[in-house]
2 protein chains.
Amino acid sequence: MTTSETERVNAAVQRLRRAGLRNTAARRGVLDQLAHAVGGRGHLSVSELHHALLARGVVVELSTVHRVLRQLVELGIAHTVPVGRTTTFGLADDAHHHAVCGTCGDMRQLPAEAVAASIAAARAVGIDTDQSGHPNGVVVYGRCVRCRTTAR
Amino acid sequence: MTTSETERVNAAVQRLRRAGLRNTAARRGVLDQLAHAVGGRGHLSVSELHHALLARGVVVELSTVHRVLRQLVELGIAHTVPVGRTTTFGLADDAHHHAVCGTCGDMRQLPAEAVAASIAAARAVGIDTDQSGHPNGVVVYGRCVRCRTTAR
DNA sequence: ATGCTCTTGCCACTATTTTGCAATAGAACC
DNA sequence: GGTTCTATTGCAAAATAGTGGCAAGAGCAT
């Protein structure tokens with residue numbers, strides 16, 4: 001884990017503490033994984049997260065991972081992106097949005113500027129994204145190059 | 001059902017026929033409901049669709065509704081928008097995108113122009129939405145006015 | 001070190017979607 | 001209209017995802 005990852009996890013733990021939540025192994029583990037994942041695919045499903053934790057020796061129940069993630073989302077520390085019928089989770093500490101391949105689930109980040117017009121259009125019809133916590137943000141569903149060239 | 005709704009359903013049935021699929025009561029029923037729903041909330045969940053069909057006297061199994069919807073999506077006749085942990089379905093015959101309240105599930109349509117920049121940004125990172133069928137399009141997740149003022 | 005209370009494990013349960021297989025029903029052809 | 005071929009549906013069972021209760025266990029303020 002790089003120092004930047006450590007810092008992000010620490011910052012998140014501080015926010016938990018301020019919300020009156022304790023610094024437990026399960027929460028640190030989940031935050032570690034999320035911070036680590038940002039380098040790669042960016043987001044993880046609950047079971048990916050769970051397996052990664054077990055592989056690292058952090059023994060937690062799947063239901064606990066669900067509970068931890070739900071709290072992180074409520075506090076705005078993590079955010080969700082639905083991919084197919086699974087929900088994926090990522091750290092929400094820098095403002096970004098997502099482009100997802102609906103076929104393989106691969107995901108890329110989109111900078112806030114790129115989606116500003118969409119957010120403005122949504123606000124114009126009464127849907128506001130300027131709320132901490134809760135699912136919010138822009139998701140563009142499409143297909144990645146690989147899935148476009150491979151099969152149909 | 002208005003004539004425009006009938007036309008949309010007929011057009012969809014033609015596409016089914018061209019794809020070698022039969023014109024069955026279940027498929028017509030689902031298409032009717034989807035065309036009818038566009039006037040209101042726009043999208044329906046599988047069980048909303050199922051209940052609506054039964055209420056109209058179209059007796060079909062829930063699993064059949066699932067199968068029909070999957071095919072419609074594969075053919076690009078319908079498209080999906082994930083809302084919480086349920087999937088909602090709508091007709092895809094006019095190009096539109098969605099703004100969704102993550103709290104109550106309420107949904108508004110966004111015109112293609114409004115989200116063009118987001119689509120371009122996604123394409124720039126390798127995710128292309130110009131594919132018929134399969135989940136595609138822009139979804140803005142936020143909160144509607146009612147859910148913003150009510151509670152937190 | 002103690003005690004208060006948040007957290008977790010464990011487990012049962014709901015909700016949603018998928019699948020195999022036999023029976024049924026489109027539609028092309030006679 | 002009747003026949004035939006095969007896609008489609010009903011049925012039922014199972015896979016997948018997430019939730020909720022409760023007692024045991026673990027943070028953390030003192």
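Values below: all heavy atoms of this structure, side chains included; hydrogens, waters and symmetry mates excluded. All chains are named by letter (A, B, ...) in the order of the sequence lines, taking the proteins before the strands, and each is independently numbered beginning at 1.
- Using a 4.0 Å cut-off between a side-chain N of Lys or Arg and a carboxylate O of Asp or Glu, A:R56 and A:D32 qualify as a salt bridge.
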| said: Walk along nucleotides 20-30 of chain D from 5' to 3' and tag each nucleotide B, S or - by protein heavy-atom contact under 4.0 Å, base first, then sugar-phosphate. | reply: BB----BBSS-

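- In this view, A:H97 satisfies the ring pair (Phe, Tyr, Trp, His ring centres under 6.0 Å) rule with no residue, not counting sequence neighbours.
- Applying the side chain to side chain contact (heavy atoms under 4.5 Å, CB included) test to B:T64 and every residue at least two apart in sequence or in another chain returns B:A26, B:E61, B:R67, B:V68.
- Here the side chains of B:T88 and B:T80 are not in contact, with every heavy-atom distance at 4.5 Å or above.
- No contact: A:V65 has no heavy atom under 4.0 Å from any strand.
- Salt bridge present: B:D93 and B:R8 bring a charged side-chain N and a carboxylate O closer than 4.0 Å.
- For B:H66, there are no ring pair (Phe, Tyr, Trp, His ring centres under 6.0 Å) partners at least two apart in sequence or on another chain.
- Take A:R123 and apply the side-chain hydrogen bond (donor to acceptor under 3.5 Å, both in side chains) test, not counting sequence neighbours, and it matches A:D130.
- Residues meeting the side-chain hydrogen bond (donor to acceptor under 3.5 Å, both in side chains) test with A:R17, sequence neighbours left out: none.
- Comparing the axis of the opening five pairs of the helix from C:dA1-D:dT30 to C:dC30-D:dG1 with that of the closing five pairs yields an angle of 40°, rounded to 10°.
- In this structure, the ring pair (Phe, Tyr, Trp, His ring centres under 6.0 Å) partners of A:H96, at least two apart in sequence or on a different chain, are A:H79, A:H98.
- Remark: A:Q33 engages no residue in a side-chain hydrogen bond (donor to acceptor under 3.5 Å, both in side chains) (not counting sequence neighbours).
- What separates NE2 of A:H66 from P of D:dT16 is a distance of 14 Å, to the nearest Å.
- The CG-P distance, from B:L31 to D:dT8, rounds to 13 Å in whole Å.
- Between A:H50 atom NE2 and D:dT16 atom P the separation is 16 Å, expressed in whole Å.
- Remark: P of D:dT9 and CG of B:L69 are 11 Å apart, rounded to the nearest angstrom.
- Checking B:T86 against A:V60, the closest nucleotide of DNA chain C that is more toward the 5' end is the one next to A:V60.
- For B:R28, the side-chain hydrogen bond (donor to acceptor under 3.5 Å, both in side chains) partners two or more places apart in sequence, or in a different chain, are B:N23.
- When DNA chain C is scanned in the 5' to 3' direction for atoms under 4.0 Å from non-hydrogen atoms of chain B, the outermost contacting nucleotides are C:dT16 to C:dA28.
- Of the two residues contacting DNA chain D, namely B:T64 and B:R85, the nearest-nucleotide position lying further toward the 5' end is that of B:T64.
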